[in-house]
Amino acid sequence: MMEIKVDLSEVEMDGTNESGAIYIEVLNNGPYLVHGEPPVIQRFIETDDKGTSIAYRNGRSFEMKSAVAFCRCGHSKNAPYCDGHHAMIDIDLKESATFTPLLDSAELIIGSTVSLADNKSYCAFGRFCDAGKGVWNEVKELGKVAEEITEEIARNCPGGRLVVLSNDTKLPVDDILPPSIGLIEDPKEMCSGPLAVWGGIRVQSASGSSYEIRTRQALCRCGASSNKPFCDGTHARIDYKDGIAPE
Ligand code: FES
């Protein structure tokens with residue numbers, strides 16, 4: 001196969017929140033402050049009879065005002081909102097994530113028509129990548145069917161760990177997502193997951209700097225990620241439950 005070079009430094013990872021009115025502030029050892037009234041909805045990961053993640057089912061939606069504090073310590077009794085618990089417990093919510101663009105340190109898997117960039121640091125344990133033969137194998141398969149499978153799998157990736165790149169344009173092949181915040185719920189693992197921040201919503205660190213704006217990001221709300229403010233999948237290991245009733 002002809003060697004295809006994808007210059008990751010030329011790829012722009014932008015979303016659709018062009019006005020920038022919707023954004024999230026990470027407060028120092030405190031909650032997320034969500035600005036701009038994005039829609040907030042529970043998103044349940046649905047699985048097939050083999051237990052593979054295949055889709056999302058929407059659950060309850062939540063009312064928003066101009067600036068709303070969302071829990072990121074995992075202990076609020078009024079989730080998804082902050083109830084001040086972080087100040088009553090001994091917890092370190094210090095951010096540890098890098099500001100380096102995701103693609104700069106992604107592994108690149110070259111396929112016949114599309115390629116896949118994979119940055120494991122942003123894995124939110126959604127497990128959609130296990131569909132088919134596994135996204136890494138699918139991308140290497142020839143033909144349109146494999147391409148469609150690969151794109152669908154990547155689009156379900158809650159934290160945007162997987163990015164499909166066109167071999168022609170060397171740009172991400174991604175759908176346009178309206179800004180939204182999803183509260184991930186994982187019935188198969190019997191746990192709750194991160195805030196799925198989709199549609200190009202800017203996340204501003206407590207330091208005042210902003211992280212790279214991406215189409216899909218997953219922000220930790222269990223308080224235990226080692227890549228704060230992003231989810232690293234630890235919520236499943238600690239059995240995090242947000243306590244929100246489904247309906
Ligand atoms: S919500 Fe995933 S690690 Fe905290």
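Below, all heavy atoms of this structure are taken into account, side chains as well, without hydrogens, waters or symmetry copies. We count ligands from 1, going down the list as the structure has it; atoms in each ligand are counted the same way.
Looking only at side-chain heavy atoms (C-beta outward), I24 and I181 come within less than 4.5 Å of each other.
For R72, there are no side-chain hydrogen bond (donor to acceptor under 3.5 Å, both in side chains) partners, not counting sequence neighbours. For S192, the side-chain hydrogen bond (donor to acceptor under 3.5 Å, both in side chains) partners at least two apart in sequence or on another chain are E185, D242. Qualifying ring pair (Phe, Tyr, Trp, His ring centres under 6.0 Å) partners for H35, counting only residues two or more places apart in sequence or in other chains: Y23.
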Inset, instruction - List the steps, then state whether side chain to side chain donor-acceptor pair (under 3.5 Å) holds for N167 with T113. - result: CA-CA 6 Å; N167 288 349; T113 54; 5.8 Å; no

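Protein N/O/S atoms closer to atom 4 (Fe) of ligand 1 than 2.8 Å number 2 in this structure.
With respect to K133 and E138, no salt bridge is recorded, no charged nitrogen being found less than 4.0 Å from a carboxylate O.
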